[in-house]
Amino acid sequence: MIINVNYIQNVAIMSPIGKITIGVGDVALRNKISELLDGGHKNIVANLSQVSIIDSSGIGELVNVYTTVSNQGGQFKLCALPSKIHNLLVLTQLITVFEVFDTEEEAIFSF
């Protein structure tokens with residue numbers, strides 16, 4: 001998995017490409033969040049438009065990231081969810097935990 005990061009104003013926008021699954025994407029996501037937080041970036045958006053698959057471990061890692069960022073005084077938001085991921089978050093009722101936006105621009109503006 002590749003995770004590209006762009007910075008707009010005081011927001012770090014992560015754009016993972018590929019799978020967020022056990023042993024692959026979950027570790028990459030965890031490491032990237034640690035890197036961003038260590039660098040002082042506390043407002044983070046995850047643009048999931050290029051995530052092809054997410055499993056239960058990946059969902060768990062998103063929750064872990066949300067908790068980690070929140071505990072450090074930051075905000076973690078999601079945007080551009082593919083329909084499969086959106087439906088999974090609805091099914092697990094995690095859609096009520098995350099702030100979710102249709103576009104990256106809307107997510108950035110929400111800070």
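Heavy atoms from other residues, nucleotides or ligands lying under 6.0 Å from CD1 of I17 number more than 12. The number of heavy-atom neighbours closer than 6.0 Å to CZ of F111, taken from other residues, nucleotides and ligands shown, is above 12.
We find the CE-CG distance between M14 and L48 to be 7.5 Å, quoted to the nearest 0.5 Å. The distance from atom CD1 of I33 to atom CG of L29, rounded to the nearest 0.5 Å, is 5.5 Å. The OG atom of S49 lies 12.5 Å from the CG atom of D102; values are rounded to the nearest 0.5 Å. With rounding to the nearest 0.5 angstrom, the OG1 atom of T21 is 7.5 Å from the CE atom of M1. Considering CZ of F98 and CG of L62, their distance stands at 5.0 Å, rounded to 0.5 Å. Between I3 atom CD1 and E35 atom CD the span is 9.0 Å, to the nearest 0.5 Å.
N47 places no side-chain N or O within donor-acceptor distance of the main-chain N or O of I13, the cut-off being under 3.5 Å. Side-chain atoms of K42 come within 3.5 Å of backbone atoms of Q72 as a donor-acceptor pair (strictly under, hydrogens ignored). Checked by atom type and distance alone, the side chain of S70 never pairs as donor or acceptor with a backbone atom of T67 at under 3.5 Å.
Heavy atoms only, all atoms of each residue included: I59 and L94 are closest at CG2-CD1, 3.4 Å. Across all non-hydrogen atoms, the minimal contact from T92 to L89 is OG1-O, 3.3 Å. In terms of heavy atoms, I20 sits closest to D26 at CG2-N, 4.2 Å. Considering all non-hydrogen atoms of both residues, C79 and T103 come closest at CB-O, 3.7 Å.
When hydrophobic clusters are built by joining Ile, Leu, Val, Met, Phe, Trp and Tyr residues whose side-chain heavy atoms come closer than 4.5 Å, directly or via intermediates, V100 is not grouped with F109. No single ILVMFWY cluster, assembled from side-chain heavy atoms under 4.5 Å apart, contains both L36 and V45. A continuous path of ILVMFWY side-chain contacts below 4.5 Å connects L37 to Y66, so both sit in one hydrophobic cluster. Grouping the Ile, Leu, Val, Met, Phe, Trp and Tyr side chains by contacts below 4.5 angstrom, directly or via other members, places V90 apart from F101. No chain of hydrophobic side-chain contacts below 4.5 Å, direct or via other Ile, Leu, Val, Met, Phe, Trp or Tyr residues, connects L78 to I8.
When the options E106, E99, E104 are evaluated for a salt bridge (charged side-chain N to carboxylate O under 4.0 Å, His left out) with K77, the one that passes is E99. Shown are V69, I108, V11; of these, the side-chain contact (heavy atoms from CB on, under 4.5 Å) with N43 is made only by V11.
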